[in-house]
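Only one structure is covered here, and it is reproduced in the block below.
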Number of protein chains: 2
Amino acid sequence: MSVTSGNSRRLEQICAVAEQLFRDKGYLATSMRDIADAMNLRGGGSLYAHIKGKEDLLWHIANEATDAFFAALEAVCAQPAAPYERLRAAIIAHLLVITQHLGAAAVYFDEWRHLTEPRRSQFVARRDAYEKRFQALLEACIANGACRPIDTRLATLHLLSAMNAMRHWYKPHGRLSAQQVAEALADMLLHGL
Amino acid sequence: MSVTSGNSRRLEQICAVAEQLFRDKGYLATSMRDIADAMNLRGGGSLYAHIKGKEDLLWHIANEATDAFFAALEAVCAQPAAPYERLRAAIIAHLLVITQHLGAAAVYFDEWRHLTEPRRSQFVARRDAYEKRFQALLEACIANGACRPIDTRLATLHLLSAMNAMRHWYKPHGRLSAQQVAEALADMLLHGL
DNA sequence: CCAGCTGCCTAACGAACGTTTGTCGAGAGA
DNA sequence: TCTCTCGACAAACGTTCGTTAGGCAGCTGG
């Protein structure tokens, strides 16, 4: 994973700080000196004992996010359930991953395009595979009669992008818990306003 | 509008090119030299006969987008209609503005945060006002009984962010026309999957 | 025919960026 | 105690950025 040396505890700290800054200001607007400052280091150079370059941070965070989404989806699919219940569970699981990894979600949805090849293509391939799994869940619902026969491609694009848009307005420690927000959102997505 | 001189036809051309690049690569990743290149000019300096600075372009595009959204919403509200039909018309109008101004939409939703104060605050204020108008439309539907009594704040956030997420996947000249996509999306938002 | 304006060119500026390098103090192991 | 390792420090590197300045071609109105 492109680590140069030693203490991987420290690497996780750097990634956590970078995640927050990438979400707040964006990848390009975040300098190595910003990250160093946020860790109480005096110069950006100190970070290079732990990483090979700035893009390593982006790559590491992007993969963490991808892993989290896949893990949540596979946990849902591992359990026996009717197509509709499975889709609903997958939606809620996806939303909960976002609420728990807001920084990584920003990288996963917005900042990934600053990856250079070939990592960018690798990322996109994994992302596409995840979307196909979701589309299959939706098609199972329609085949089952649990959903209206709508355009599945359009519906999948809408469903995923609508879920992902949650990162723009969800605030932790708000009036509702993450679980409550996720359930309410799943309800609106499945049954409308 | 921060124009330094002369031909405002040329300014519009610059903005059109910048809009495209800001959408493709992001504001920070787009250099003045990139914009000049895309206009077949040989150096970034030539642009400064028409603008005062890079941020002027962002500001100009952001305002064009805001104006377009407000104009579409006011056209809908100017016509007499029941709350539900008015909400549906507003949704479709909003989606059509996005399909017709994909570059400006990218600035309106993503790149605006690179505006510096006080313009950033001015932009956010206008954006908030627009969102409040939409929330009022939704509340009218609930008061009317046309919609279920859901959490209006949550529903508004979801509705707006779900509509805006369309910019990530909509492609002009696709299988469906913009009008068809907008109507299908409005249907899914209002009635679920 | 010429004066003036407009728009683009070229070159350069200072600042900020990611990254590299050499140094040094603190702690661990023998 | 000596030695080795590790993380942080400070300074500097080459590049790219937004921006400025000066000059020059071509059109326009008198």
Side-chain angles (χ1 to χ4, degrees), chain A residues 1-19 21-22 24-62 107 111-117 119-120, chain B residues 1-19 21-22 24-62 107 111-117 119-120:
Chain A
M1 191 61 71
S2 303
V3 191
T4 51
S5 73
N7 194 343
S8 87
R9 175 93 177 77
R10 198 73 172 129
L11 175 65
E12 296 306 321
Q13 289 175 6
I14 297 174
C15 281
V17 165
E19 210 180 287
L21 288 172
F22 290 170
D24 290 346
K25 316 203 301 173
Y27 175 72
L28 288 179
T30 302
S31 70
M32 297 302 280
R33 291 165 177 88
D34 287 337
I35 299 172
D37 269 7
M39 302 196 65
N40 289 325
L41 302 182
R42 308 215 195 243
S46 305
L47 298 168
Y48 286 82
H50 306 277
I51 59 173
K52 285 214 296 227
K54 188 185 184 186
E55 196 184 324
D56 274 19
L57 295 173
L58 195 63
W59 181 238
H60 191 92
I61 296 167
V107 169
E111 310 297 340
W112 62 268
R113 63 172 163 173
H114 298 117
L115 287 169
T116 58
E117 295 295 352
R119 301 207 267 207
R120 182 177 162 134
Chain B
M1 193 63 67
S2 304
V3 192
T4 52
S5 74
N7 194 343
S8 86
R9 173 93 178 78
R10 199 68 173 133
L11 175 64
E12 296 304 322
Q13 289 177 5
I14 297 174
C15 281
V17 165
E19 211 180 287
L21 288 172
F22 291 169
D24 289 346
K25 317 203 301 172
Y27 175 72
L28 289 179
T30 303
S31 70
M32 297 302 281
R33 290 165 176 89
D34 287 336
I35 299 173
D37 269 6
M39 301 197 66
N40 288 326
L41 303 182
R42 304 209 194 229
S46 304
L47 298 168
Y48 286 81
H50 307 278
I51 59 173
K52 285 214 296 228
K54 188 185 184 186
E55 196 184 324
D56 274 20
L57 295 173
L58 195 63
W59 181 238
H60 192 92
I61 296 167
V107 169
E111 310 296 340
W112 61 270
R113 62 172 164 174
H114 297 117
L115 288 169
T116 57
E117 297 294 352
R119 300 206 268 208
R120 181 178 163 134

Under 4.0 angstrom between A/R10 side-chain N/O and D/dA8 OP1 or OP2: yes
d(CG, A/L41; P, D/dC6) in whole Å: 18 Å
Close side-chain approach of B/M32 and B/L41, heavy atoms under 4.5 Å: no
B/H50 side, atom NE2; B/Q13 side, atom CD - distance, nearest 0.5 Å: 9.0 Å
Gap between atom CD1 of A/I61 and atom CD of A/E19 - 0.5 Å precision: 5.0 Å
From A/F22 atom CZ to A/C15 atom SG, the distance as rounded to the nearest 0.5 Å: 8.5 Å
Length of the CG-P vector between B/N40 and C/dC9, whole Å: 9 Å
Between CG on residue B/L11 and CG on residue B/L47, distance to nearest 0.5 Å: 10.5 Å
A/H50 side-chain N/O to D/dC6 phosphate OP1/OP2 under 4.0 Å: no
Results of side-chain contact (heavy atoms from CB on, under 4.5 Å) for A/R120 - residues two or more places apart only: A/W112, A/R113, A/L115, A/E117
Nucleotide D/dC6, atom P - distance to CD1 of A/I14 in whole Å: 16 Å
Difference in axis direction between the ends of the helix from C/dC1-D/dG30 to C/dA30-D/dT1, five pairs, 10°: 0°
Taking only nitrogen or oxygen atoms into account, show me every contact under 3.5 Å that the protein makes with nucleotides 18-20 of chain C, one pair per line with its distance.
from   : atom 1 : to    : atom 2 : distance (Å)
C/dG18 : OP1    : A/T30 : O      : 3.4
C/dG18 : OP1    : A/K54 : NZ     : 2.7
C/dG18 : OP2    : A/M32 : N      : 2.9
C/dG18 : N7     : A/R33 : NH1    : 3.0
C/dG18 : O6     : A/R33 : NH2    : 3.2
C/dT19 : OP2    : A/Y48 : OH     : 2.3
C/dT19 : OP2    : A/K54 : N      : 2.8
C/dT19 : O5'    : A/Y48 : OH     : 3.1

Which donor-acceptor pairs under 3.5 Å do side chains of residues 24-31 of chain B form with protein atoms, sequence neighbours excluded?
from  : atom 1 : to    : atom 2 : distance (Å)
B/K25 : NZ     : B/D34 : OD2    : 2.9
B/Y27 : OH     : B/E55 : N      : 3.4
B/T30 : OG1    : B/L21 : O      : 3.4
B/T30 : OG1    : B/G26 : O      : 2.7
B/S31 : OG     : B/R33 : N      : 3.4
B/S31 : OG     : B/D34 : N      : 3.0
B/S31 : OG     : B/D34 : OD2    : 3.3

Min side-chain heavy-atom separation B/H60-B/I14 under 4.5 Å: no
Nucleotide N/O to protein N/O under 3.5 Å, stretch nucleotides 25-28 of chain C:
none

Separation of D/dG7 C1' from A/R9 CZ (nearest whole Å): 15 Å
Shortest non-hydrogen contact from A/A18 toward A/L57: CB-CD1, 4.1 Å
Whole-Å gap separating P (C/dC9) and CG (B/D37): 10 Å
Atom-pair distance (CG on A/L47; P on C/dC17), nearest Å: 14 Å
Atom pair distance, as rounded to whole Å: CD in B/Q13 and C1' in C/dG7: 12 Å
A/R42 CZ to D/dC9 C1', straight-line distance once rounded to whole Å: 9 Å
Distance (rounded to the nearest 0.5 Å) between B/H114 NE2 and B/R119 CZ: 14.5 Å
